Protein chains: 2
Amino acid sequence: MKSRAPRDRSFHKATIYDVARHARVSVFTVSAVVNNNSHVSHTLRRRVENAVQKLNYRPNLLARGLVKRQTHTIGIVVRDIVNPFYPLLVRGIEDAAHKSGYSVLLCNSDDQRDKEEQYLELLLSKRVDGILLNKAPGALSSSLRQQLAEAKVPVVSLMRISRDLQGDAVVTDDAKGAFDAVSHLVRIGHRRVALVSGPLSVSNAKARWNGFCKALERAGIERERELMVEGDYHIDSGYRAGLSLLPLRPDAVFLANYLMTVGFMKAADEIGLRCPEDFGLASFDDYPWLSCFRPRLTTVELPKYEIGSAAVRILLERISGKRSRRALIKLTPELHVRESCGFMLRRSDAQDDYLSPREKTYPASGATAFQGVSQV
Amino acid sequence: MKSRAPRDRSFHKATIYDVARHARVSVFTVSAVVNNNSHVSHTLRRRVENAVQKLNYRPNLLARGLVKRQTHTIGIVVRDIVNPFYPLLVRGIEDAAHKSGYSVLLCNSDDQRDKEEQYLELLLSKRVDGILLNKAPGALSSSLRQQLAEAKVPVVSLMRISRDLQGDAVVTDDAKGAFDAVSHLVRIGHRRVALVSGPLSVSNAKARWNGFCKALERAGIERERELMVEGDYHIDSGYRAGLSLLPLRPDAVFLANYLMTVGFMKAADEIGLRCPEDFGLASFDDYPWLSCFRPRLTTVELPKYEIGSAAVRILLERISGKRSRRALIKLTPELHVRESCGFMLRRSDAQDDYLSPREKTYPASGATAFQGVSQV
DNA sequence: TTGTAGGCGTTATCAA
DNA sequence: TTGATAACGCCTACAA
């Protein structure tokens, strides 16, 4: 019998051997009790449970992961958690993951390919069971693609799709969102509508650009190329866009995300133009605080929480082998009309938020509230 | 020689044995090359490197963690990543951690003790090397305290301190922040100043409450108890506070965080009172978007990014054993005067943001920018 | 029902 | 400098 050296481990966390010895049973029995699989007689079970309690035993999940080849951990790579778009998305992920016994390793790629690859390799080394990826522009290195395939670590794309990542994806109908917003701008009388888009190398920026074009086309408005500028989703590019666009005095502007809107508003401030009196504005991404500061923004809201939870659902199906067909989930955005578009100027009897009464409820930011916020 | 069974693993990730066999060396040599510790002859090193490359070998960090007893992973428990206060803090953590080769496991406690304990036990089981904890109100169970101590997993408290957690902590000078803000309100002429505080069971809410009181006292203003209400840091409590406070027509109000301010503004809207014309307002927590929407908020900014990176610094010192003395870092907040306090009403020649010219720069949200944003 | 022993993929010790 | 082999803590055939 090659029994483990029972050396002094009074200063170490208890192991399954310690428990076994304490309960005068074998490690098998302890394992069976802890994992609740094999049948264990009542007496032994009690002995084990007592020992577990007394020794404060907690199984070492590293060791378990090593033998079971799964860690119950998923990796999530987003551009930057500080971008207000991501927190709710990440929360949707974490909630869904936690509910299924998974933990979340958070990585910020800053939209840089090398950082992204570095993180992906790290996640692979840490043997995560799956990855949620908000891909940076550019293709994944073939070596990495191969490693992902060999290791059989499923990847679900978030918000963005790219040709080199042919797996599952959860996206939003960005073309429709942009189309709705711009159509609304046109409907209430704006003709010369400007666009500040995201980087066109990113699929959703492209889609929003297309939605913009389609809305103008549908309205029979010829688009003016100098009113369309490509930003990069950051504050500063919105600011620069504002400085270059506003002197052209468009009737309205559509911005592809919130951060650029912040920059754009700053530029308007400096130039001395006011929204919605001097120009109408609609943008992507809604936030709880948008309806109580002026101008109240007309926005296209994406179901961020849902995106996260849907992605986890797909990922776990993939991990458990329950899914074989490719999943491509496209969630529907929702237009929230407020006053920045200029709507209120034309219909003074209109109610705030007439399209989205839900906005009025002001849920707290607790978990239960999210469900209300983000259900589509 | 009890050599490992060389069974078919063409569909598994390569192990150190595969590399060793491929390079015709022992596992020791491979390990030595990979970790770059022992001296390995040039030829063998080349052979190993080639094999590593060819097999796409990446060491299994689970196995390594098991034997080295450290995972290079830290856990971080915050109330809720969706609360806009946390993303920048978390980013500060992740950046600092990543720079030192650590990964971050993200947990949302929703400020609930049971959820918090559940996560802490999980983190312990996953054998994180340390924990950053934004403590929920209430004491830690003694069992958990004991486990943390036994496992020698250091914990650094974030933002909040509690009697039962006598370890390191990184906090902000909340009393001073509140004092400065309220003193400013008083200085520009407000006499009846209301307070919406956070939950007094939380140390920083208490500190802000005290700072408020001290400022009034210093100004020789008697405080009116009915103008002081205790909220819970969520939007809805700010909303309710607004509904009950505003009819009392205070000159100004000081709110202990941003979420409650959002709710408060909503209430003001509904009641039909305007800021700063009808009441002055100052609150905690500054955000990049606050200076381009009306009313522009006068805020007390906490160095969120710095809090995160400082906490990681302490934690890593603790992990590496370089620190023995208790660290209690208190970072200094900074008052950003804008127009919600009513300042501009009285000095029409005043410049926006005269106290914080840095605000004007609008950094992108990339990592480098943060450093600029958050340096104290 | 319970125990034994081998293996998961590393690192580390001790010889060679 | 290298190699063989014992931990690390757990799960799990296979035996009893």
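For the numbers below, each heavy atom of this structure counts, side chains included, while hydrogens, waters and symmetry mates do not. The model shown is predicted, which means the values in this text are computed figures rather than measured ones. Here is how names work: the chains are called A, B, and so on, in the same order as the sequence lines, proteins then strands, and each is numbered from 1.
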Of all pairs that satisfy ring-ring contact (aromatic ring centres under 6.0 Å, His included), the ones with a partner from residues 35-78 of chain B, not counting sequence neighbours = His72(B)-Tyr102(B)
All pairs passing ring-ring contact (aromatic ring centres under 6.0 Å, His included) where residues 110-150 of chain B contributes a residue, at least two apart | His98(A)-Tyr119(B)
Salt-bridged, Glu121(B) to Arg58(A), with N to O below 4.0 Å?
-> yes
Is any side-chain N or O of [X] closer than 4.0 Å to OP1 or OP2 of [N]?
X: Arg69(B); N: dG9(D); answer: yes
X: Thr15(B); N: dC8(C); answer: no
X: Lys68(A); N: dT12(D); answer: yes

Asn108(A) (side chain) donor-acceptor with Asp110(A) (main chain) under 3.5 angstrom = no
Examine distances only and state if a side-chain atom of Glu116(B) and a backbone atom of Asp111(B) form a donor-acceptor pair shorter than 3.5 Å.
-> no
Report yes if the side chains of Leu144(A) and Leu124(A) come closer than 4.5 Å at any heavy-atom pair, otherwise no.
-> yes
Report yes if some heavy atom in the side chain of Asp129(B) is under 4.5 Å from a heavy atom in the side chain of Val153(B); otherwise report no.
-> no
Strictly below 4.0 Å, heavy-atom distances to any atom of DNA chain C: list the hits from residues 42-64 of chain A, or just say none.
-> Leu44(A)
Near DNA chain C, under 4.0 Å by heavy atom, which residues of residues 24-39 of chain B?
-> Phe28(B), Ser31(B), Asn35(B)
Taking atom C1' of dG9(D) as reference, at what distance in whole Å does atom CZ of Arg21(A) sit?
->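 So the two atoms are 13 Å apart, to the nearest Å.
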How close or far is atom P of dT12(D) from atom CG of Leu66(A), stated in whole angstroms?
->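 Checked: the CG to P distance equals 13 Å.
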Begin with the C-alpha distance, continue with both residues' side-chain angles, and end with the deciding distance and a verdict on salt bridge (charged side-chain N to carboxylate O under 4.0 Å, His left out) for Asp168(A) and Arg326(A).
-> CA-CA 5 Å; Asp168(A) 307 312; Arg326(A) 177 184 186 193; 5.7 Å; no
In short, the helix from dT1(C)-dA16(D) to dA16(C)-dT1(D) is bent end to end, axes from five pairs each side, to 10°, by 40°
Using the test side chain to side chain donor-acceptor pair (under 3.5 Å), find all partners of Ser309(B) that sit at least two apart in sequence or belong to another chain.
-> none
Is atom CD of Gln53(B) surrounded by more than 12 heavy atoms (other residues, nucleotides or ligands) closer than 6.0 Å?
-> no
Dump the intermediate steps for side chain to side chain contact (heavy atoms under 4.5 Å, CB included) on Val52(B) and His22(B), then the final yes or no.
-> CA-CA 9 Å; Val52(B) 164; His22(B) 200 91; over 6 Å; no
